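Step one of this worksheet: look at the structure below.
Quick caveat: nothing in here was measured; it's all calculated off a predicted structure.
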Amino acid sequence: MTQFFETTQGIMAMGALIAAGGLTAGACIPAVIQLARKQINRRPRSEARNLAMMTVLALDDFVGASYAAVRDIPEFNPMDEGEFAFHVPDPVLSLPKDADWKLFPTELSDEILWLSNRVKNLNYALDSLDLSRPGFDGFFKKRQEGYAGLAAEAMDLIERMLEKFGLTLPTKPDYYRQREGLASAILSVGERSSGRRTTATVTQSNGSNVLQLFPKTGDEAD
């Protein structure tokens, strides 16, 4: 058998086999490269979608916290007119930690990070107000308007990301209309000239679901 490949015909046959193998390999290489590229591209898309979902959930949590904060009427201490307390904590935007924001388009990632920074800046700005001034330096109005505006921007970002990444958020109760609730709370700000309500107004009646933070005094204690 080996003697055949030592002849001219054998050498020609071997050359033909090698050429055929080379052609076959050459035809397979592009397909292999294309398949590898698809696998490489599929992973970033999957990672981007996962990050988008976590970001949307974080934004939705912030919207819910802002909705509660904007509609929260402060309660005042009847023993000290300068002391008040809210029933819910200040909203916090907790974005995914160690996130690779390069997975998103530059404009989108910039808007998300800007929003996070603006939430912090609003907290700093509110802390800088002089609460000893008349009307508490407009603290309550600025707080409501600030968180309502940031919540509205967060909702817009959520809608864009849901569409872009094909995501769906869990259905919310029909009566939980956040946009309408935020707008209503802002309109009510203008109805209170001093931005303040008394404890009696806040606690209302025995059927109120608002936790009383300060003890009642005088007629209210009866």
Side-chain angles (χ1 to χ4, degrees), residues 37-74 86-131 136-190 195:
R37 286 177 177 175
K38 287 182 178 179
Q39 294 295 333
I40 293 173
N41 292 334
R42 185 177 300 146
R43 182 177 179 183
R45 284 198 298 271
S46 176
E47 292 178 352
R49 189 179 186 279
N50 291 337
L51 177 57
M53 175 56 87
M54 291 188 293
T55 303
V56 164
L57 292 176
L59 291 170
D60 192 55
D61 286 343
F62 172 73
V63 172
S66 297
Y67 180 88
V70 168
R71 296 173 59 84
D72 183 20
I73 300 174
F86 291 106
H87 302 89
V88 296
D90 289 339
V92 176
L93 176 55
S94 301
L95 294 175
K97 294 182 179 180
D98 302 323
D100 183 6
W101 299 109
K102 294 191 295 295
L103 293 171
F104 293 167
T106 302
E107 181 181 357
L108 179 59
S109 61
D110 285 350
E111 289 188 43
I112 295 171
L113 297 177
W114 283 335
L115 180 62
S116 177
N117 183 256
R118 290 174 63 190
V119 173
K120 295 177 182 177
N121 285 337
L122 175 60
N123 292 333
Y124 297 148
L126 292 175
D127 288 341
S128 71
L129 295 177
D130 185 1
L131 301 185
F136 296 95
D137 206 8
F139 173 81
F140 301 110
K141 180 178 179 181
K142 291 181 174 66
R143 184 177 186 271
Q144 283 188 310
E145 291 180 341
Y147 284 122
L150 293 175
E153 292 186 29
M155 284 188 283
D156 291 339
L157 274 173
I158 289 173
E159 291 178 359
R160 287 171 52 190
M161 296 182 70
L162 292 178
E163 181 178 359
K164 180 174 181 60
F165 295 97
L167 304 173
T168 302
L169 280 177
T171 303
K172 298 178 181 179
D174 293 338
Y175 56 83
Y176 188 39
R177 300 181 179 90
Q178 292 174 321
R179 284 191 184 274
E180 291 84 347
L182 290 169
S184 175
I186 293 304
L187 289 176
S188 68
V189 175

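Aromatic ring pairs are classed by plane angle as parallel below 30°, tilted from 30° to 60° and perpendicular above 60°; the pair Phe104 and Phe165 is tilted. Using cut-offs of 30° and 60° on the angle between ring planes, the pair Phe86 and Phe139 is tilted.
Counting heavy atoms from C-beta outward, Trp101 and Pro96 have side chains that approach closer than 4.5 Å. Counting heavy atoms from C-beta on, the side chains of Glu111 and Glu153 never come closer than 4.5 Å.
The two atoms that bring Arg143 and Val88 nearest to each other are NH2-O, 4.3 Å, heavy atoms only. Taking all atoms of both residues into account, the shortest heavy-atom contact from Val70 to Gln144 is O-NE2, 2.6 Å. When all heavy atoms of Leu126 and Tyr147 are compared, the pair lying nearest together is CD1-CE1, 4.1 Å.
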Q: Under the salt bridge (charged side-chain N to carboxylate O under 4.0 Å, His left out) rule, what do Arg179 and Glu159 come out as? Steps first, then yes or no, please.
A: CA-CA 13 Å; Arg179 284 191 184 274; Glu159 291 178 359; 3.5 Å; yes
Q. Given the rule in the side-chain contact (heavy atoms from CB on, under 4.5 Å) test, do Leu57 and Met53 qualify, once you have shown the distances and angles that lead to the verdict?
A. CA-CA 6 Å; Leu57 292 176; Met53 175 56 87; 4.0 Å; yes
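Under the 4.0 Å criterion applied to side-chain N and carboxylate O atoms, Lys142 and Asp137 are not assigned as salt-bridge partners. Salt bridge status for Glu107 with Lys164: absent, with no side-chain N to carboxylate O gap under 4.0 Å.
For Asn121 and Asn117, the side-chain atoms include at least one donor-acceptor pair closer than 3.5 Å.
Expressed to the nearest 0.5 Å, how far CG of Leu150 lies from CG of Leu59 amounts to 11.5 Å.
Annotation: Tyr176 is in aromatic contact with Tyr67 [ring centroid separation under 6.0 Å].
For the side-chain contact (heavy atoms from CB on, under 4.5 Å) criterion with Asp110, the lone passing option out of Thr106, Leu108, Ile112 is Thr106.
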